[in-house]
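Working notes, beginning with the structure itself.
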Amino acid sequence: MMQRKGHAGARKTAPTPLRMINDIGDMGGLVHNHPSGDPTPSQADIQMTRAIVDIAGPLGISVHDHIIVGRSGHASLKGMRLI
């Protein structure tokens, strides 16, 4: 689940690319956790991130990274060359 800066409580539904664009403006990237503890990006994570990059670009918004946090550490989609 993602939690938006300044908002109490986690989101109960999966965010859409357009909704996540608002978060990028504040942070320059995306961050979320995997409750399973495994930070490995899922295909859905990769596809959503690429959709967000495609939407944000024409708006002049750069997505610098997408970090996934788990119990065993974190994963950077940029570091993994997935974006």
For this session: Decide whether S36 and D38 meet the rule of one side-chain donor and one side-chain acceptor closer than 3.5 Å.
Result: no
Seminar exercise, completed: Rounded to the nearest 0.5 Å, the CG atom of L77 sits from the CZ atom of R50 at a distance of 8.0 Å
For this session: May I ask you to check whether H32 and H34 place their ring centres under 6.0 Å from each other?
Result: yes
For this session: State, with a plain yes or no, whether a side-chain heavy atom of I67 is found less than 4.5 Å away from one of L30.
Result: no
Problem set entry | Minimum-distance pair of heavy atoms, taken over all atoms of P41 and I46 | CB-CG1, 4.1 Å
Problem set entry | Side-chain heavy-atom pair T49, L82 within 4.5 angstrom cut-off | no
Problem set entry | Pairs flagged by side chain to side chain donor-acceptor pair (under 3.5 Å) wherever residues 68-83 is involved - sequence neighbours left out | D65-S76
Problem set entry | Whether D45 side chain and S42 backbone form a donor-acceptor pair below 3.5 Å | yes
